[in-house]
Student: 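Dumping the structure here so I can ask a few things about it.
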Number of protein chains: 2
Amino acid sequence: MDSYDVMPGHLVRRLQQAAVAIFQAEVARAGYDMTPVQYAALTAVRVNPGIDQATLAGLIAYDRTTITGVVDRLTQKGFLTREPSETDRRARILQVTERGHTALREIQPAVEQAQRIMLRGLDETESQEFMRLLAKTVGAVNELSRAPLKATR
Amino acid sequence: MDSYDVMPGHLVRRLQQAAVAIFQAEVARAGYDMTPVQYAALTAVRVNPGIDQATLAGLIAYDRTTITGVVDRLTQKGFLTREPSETDRRARILQVTERGHTALREIQPAVEQAQRIMLRGLDETESQEFMRLLAKTVGAVNELSRAPLKATR
DNA sequence: TTCTATTGATCAGTATACTGATTATCAGTA
DNA sequence: TACTGATAATCAGTATACTGATCAATAGAA
């Protein structure tokens, strides 16, 4: 177990880094500058308009302190609005702007292409098996990270 | 493809984060404060005494600008020494100290335990298949990241 | 209803990762 | 040998992640 090539953690780290690089390259090709993290957050808000930051964090398994900066940058780019909630004055309500919707629509093909490139080493059968095992693995360690996925209320 | 649960990049990101948390928790239980990244670097130097930073980076697929900080911290903790090379005045030669060897020895069980916890959702057959597919996937995208793995000379 | 515990957001500080630049040095060529 | 291009290390700046703290506001219990 001395060899890092055999260690799952090391391989996952490398795949994660490649995935980020691939994503950014494909999205840049579509004319946008957006990270995978920003994309996931934006997509989650589109599916759940008016969501607050804490719920969003649980939905996509982000740390609560990370979400602040991510939303900051998406707001700066004009893709999100952040307003105080009327029912809970602690919370900030998020909405996707028109520009945000346009961006999501226009980078959609790039995102799908990025997924394909990421799995280009596997054939169709292997890809499905890999995804199944990956999801199963992640599900079993969900509560062990500071930012576990939380089911929507 | 709207759901991030189905997106490989998102799942890999979550697994990576869980893996880091698991690793640090197990290592802390053994009385040490070391990140997976620092551990991999230290292990690689142990296997390749006198390696320079650039070669080390290629060996474990780290970005060259990242390795500087990692080595900084390992040196500060007294686990590594960094000295100018005598044959190439640009290069810095790395060696594991006595304390570094002790640390590696003492956290070894924790590292193995972390691997097991990370894969606790899979049975033995699934684990092996997952590792095979993971390695295959990583191999196919190696050159797409800024820090590809490079074979030893 | 008052008190306590919790929660939403944020901040300061640290550790990866990466982009792009710089500096010193080396290697290979004209 | 002088020059050019490549390489080793580092730096400044940005974006995740996380630890631990704070503050305002809410919710639940006594």
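First the proteins, then the strands, lettered A, B, ... as listed; each starts at 1.
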Student: Between atom CG in A/L94 and atom C1' in C/dA9, what is the gap in whole Å?
Tutor: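 Answer to the nearest Å: 11 Å.
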
Student: Of A/A61 and A/T87, whose closest DNA chain D nucleotide lies nearer the 5' terminus?
Tutor: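 Nearest-nucleotide comparison on DNA chain D picks A/A61.
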
Student: Would you call B/E129 and A/R132 a salt bridge, taking side-chain N to carboxylate O under 4.0 Å as the test?
Tutor: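 Salt bridge: no.
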
Student: Rounded to whole Å, how long is the line connecting atom CG of A/L15 with atom P of C/dA17?
Tutor: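 These atoms are roughly 13 Å apart.
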
Student: Which letter, B, S or -, goes with each nucleotide of nucleotides 9-16 of chain D from 5' to 3', with contact meaning a protein heavy atom under 4.0 Å?
Tutor: SBB---SS

Student: For B/R89 and C/dT25, what is the distance between atoms CZ and P respectively, to the nearest whole Å?
Tutor: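 Nearest whole value for this atom pair: 5 Å.
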
Student: Is it the case that A/D52 and A/T55 place a side-chain donor and acceptor less than 3.5 Å from each other?
Tutor: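 There is such a pair (donor and acceptor under 3.5 Å, judged by atom type) between the side chains of A/D52 and A/T55.
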
Student: In this structure, would B/I93 and B/V71 fall into the same cluster of hydrophobic residues linked by side-chain contacts under 4.5 Å?
Tutor: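 B/I93 and B/V71: separate clusters.
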
Student: Between P on C/dT19 and CD on A/Q24, what's the gap in Å once rounded to a whole number?
Tutor: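 Those two atoms, CD and P, are 8 Å apart.
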
Student: Searching all strands shown, indicate the nucleotide that pairs with C/dA30 (Watson-Crick or G-U wobble; both distances under 3.5 Å).
Tutor: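 Its partner is D/dT1.
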
Student: Check every strand shown and say whether A/A21 touches a base, only sugar-phosphate, or nothing at a heavy-atom separation below 4.0 Å.
Tutor: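 If one applies the 4.0 Å heavy-atom cut-off, A/A21 turns out to touch nothing in the nucleic acid.
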
Student: Do you see a donor-acceptor pair shorter than 3.5 Å between the side chains of B/R116 and B/Q113?
Tutor: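 Yes.
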
Student: Same hydrophobic cluster for A/V20 and B/V138, using side-chain heavy-atom links shorter than 4.5 Å among ILVMFWY?
Tutor: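 No; tracing contacts between hydrophobic side chains, which count when under 4.5 Å, never links both residues.
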
Student: Report the distance from atom CD1 of B/I51 to atom C1' of D/dT7, rounded to the nearest whole Å.
Tutor: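 Interatomic distance, CD1 of B/I51 to C1' of D/dT7: 16 Å.
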
Student: Where does the angle between the aromatic ring planes of B/F130 and A/F130 fall among parallel (under 30°), tilted (30 to 60°) and perpendicular (over 60°)?
Tutor: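 It falls in the parallel class, under 30°.
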
Student: Nearest-Å distance, OH (B/Y62) to P (D/dA8)?
Tutor: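 Atom-to-atom, B/Y62 to D/dA8, this comes out as 19 Å.
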
Student: With distance as the sole criterion, is a donor-acceptor pair present between the side chains of B/D72 and B/T75 under 3.5 Å?
Tutor: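 Distance-only check fails for B/D72 and B/T75.
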
Student: Taking CZ from A/R14 and C1' from C/dC18, how many angstroms apart are they, rounded to a whole number?
Tutor: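 Distance check: A/R14 CZ to C/dC18 C1' gives 17 Å.
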
Student: Can you check the B/D63 CG to C/dT19 P distance for me, whole Å?
Tutor: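 Computing the B/D63:CG to C/dT19:P distance gives 7 Å.
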
